[in-house]
Amino acid sequence: MENRHKNLDRTFGALGDPTRRAILGSLARRASASVSELAAPFAIKLPAVMKHLSVLDEAGLITRSKSGRVVTVRLRPESMREAMAWLHSQERFWSKRLDKLTAYAERKELEAQSRK
Amino acid sequence: MTSLTLVRHIKAAPEIVFEAVTTAEGIAHWWGPDAGPVLLSESDPRVGGKYRLRFRKLDYTEHECSGEFLVVDPPRRVAFTWRWIVGGADPGESRVEITLRAIGDGTELTFSHSLLQDESARLSHEGGWTGALHKLGAYLAKGAPV
């Protein structure tokens with residue numbers, strides 16, 4: 001359980017940066033890309049892009065494989081699925097609570113009005 | 001870094017909703033996830049005040065959560081930290097904020113739940129990654145290249 005939480009922390013931490021989200025978005029549109037292809041749309045230096053890729057790699061969101069001088073980057077969907085599943089479970093959890101809160105508050109309102 | 005936002009229209013005055021959200025008696029009425037009993041409900045709704053809730057589900061598991069009030073502005077806004085102590089599945093401490101707005105026949109309640117780990121990221125990218133995540137999620141659901 002603890003491990004799972006650490007993984008989620010890492011995943012959400014990695015997603016908390018707009019450049020890294022843009023990199024993931026760009027990877028989502030193609031099967032794989034080289035580091036320089038990924039770096040092309042950004043106004044930041046290659047080492048900065050490499051740093052972002054390391055964070056994404058540690059969060060389990062991408063894989064990097066080296067062939068000669070070219071590093072190929074691919075999306076790894078498992079961590080993302082886990083993060084989505086967690087988000088959905090949170091949504092279900094709080095939705096149910098709020099439904100009960102709504103019913104309770106509306107009952108209290110009716111009580112207050114009948115006392116008037 | 002908001003992870004979840006939910007909106008409800010409630011046919012009750014904001015004052016009534018605010019009381020239901022912040023007082024120990026109010027919370028005890030809506031908190032339990034099923035018909036199991038709320039075993040403990042304590043709440044001190046002022047900035048820095050604490051709350052603690054413990055309930056038993058019908059499967060006999062017990063769950064407890066607690067936190068501290070960060071904002072108490074009746075009947076408009078309340079924010080508190082949130083953490084499971086017993087039997088929960090939540091990565092660390094998070095922040096819950098509830099805002100109330102009077103509308104025609106009652107109250108519009110906006111609930112948001114965000115992770116605390118990276119508060120600065122939350123402030124600068126408010127709403128940013130939820131959309132990105134859902135888009136990617138939709139893409140992944142279609143089957144991603146592996």
Side-chain angles (χ1 to χ4, degrees), chain A residues 1-18 20-22 24-25 27-32 61 63 74-81 83-113, chain B residues 1 3-21 26-34 88-92 94 96 98 105-107 109 111-113 115 117-118 120-122 124-125 128-141 143-146:
Chain A
M1 207 53 149
E2 268 308 299
N3 266 343
R4 204 173 75 87
H5 290 170
K6 281 204 188 91
N7 291 345
L8 281 172
D9 285 353
R10 265 207 298 272
T11 307
F12 284 117
L15 290 168
D17 176 272
R20 289 198 287 273
R21 290 198 300 269
L24 287 175
L27 275 174
R29 287 192 292 273
R30 49 186 135 186
S32 67
L61 290 164
T63 58
R74 286 189 176 81
L75 206 59
R76 249 187 74 187
E78 299 82 9
S79 297
M80 192 62 96
R81 289 209 180 98
M84 292 296 291
W86 181 79
L87 269 187
H88 287 145
S89 74
Q90 291 293 303
E91 189 166 348
R92 277 195 303 276
F93 177 87
W94 287 108
S95 260
K96 273 192 230 156
R97 295 296 92 74
L98 293 184
D99 288 346
K100 281 182 87 170
L101 166 66
T102 302
Y104 171 68
E106 290 182 350
R107 211 162 59 232
K108 293 295 275 186
E109 174 74 35
L110 287 177
E111 278 172 30
Q113 290 196 0
Chain B
M1 215 164 153
S3 59
L4 177 64
T5 302
L6 298 166
V7 177
R8 289 285 187 283
H9 289 152
I10 304 175
K11 289 191 195 76
E15 290 76 13
I16 285 178
V17 179
F18 194 87
E19 222 180 278
V21 168
I27 296 166
H29 275 96
W30 59 274
W31 178 250
D34 54 26
D90 208 340
S94 53
V96 171
I98 293 172
D105 60 345
T107 303
L109 178 148
F111 166 95
S112 80
H113 183 214
L115 303 178
Q117 281 96 347
D118 197 347
S120 59
R122 186 187 76 78
S124 57
H125 312 303
W129 63 255
T130 313
L133 193 57
H134 276 94
K135 258 184 260 165
L136 271 166
Y139 169 79
L140 294 173
V146 180

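Worth knowing before you read on, the calculation uses all heavy atoms, side chains too, and leaves out hydrogens, waters and symmetry mates. Predicted model only: the values in this text are computed from it and were never measured. Numbers restart at 1 for each chain; the letters A, B, ... are given by sequence-line order, proteins then strands.
The environment of CD in A:E109 is crowded: more than 12 heavy-atom neighbours from other residues, nucleotides or ligands sit within 6.0 Å.
Looking only at side-chain heavy atoms (C-beta outward), B:R8 and A:D99 come within less than 4.5 Å of each other. Residues B:H29 and A:R107 are in side-chain contact: their nearest non-hydrogen atoms beyond the backbone lie under 4.5 Å apart.
To the nearest 0.5 Å, atoms CD1 (B:I27) and OH (A:Y104) are separated by 10.0 Å. Rounding to the nearest 0.5 Å gives a distance of 7.5 Å between CD1 of B:I10 and CG of A:L98.
A:T63 does not touch chain B: none of its heavy atoms, backbone or side chain, sits under 4.5 Å away. At a 4.5 Å heavy-atom cutoff, the contact between A:A112 and chain B is made by side-chain atoms alone.
Of all non-hydrogen atoms in B:A12 and A:A105, the two that sit nearest each other are CB-O, 3.4 Å. Between B:A20 and A:L101, the shortest heavy-atom contact is CB-CD1, 3.6 Å. Looking at every heavy atom in both residues, B:H113 comes nearest to A:W94 through ND1-NE1, 3.3 Å.
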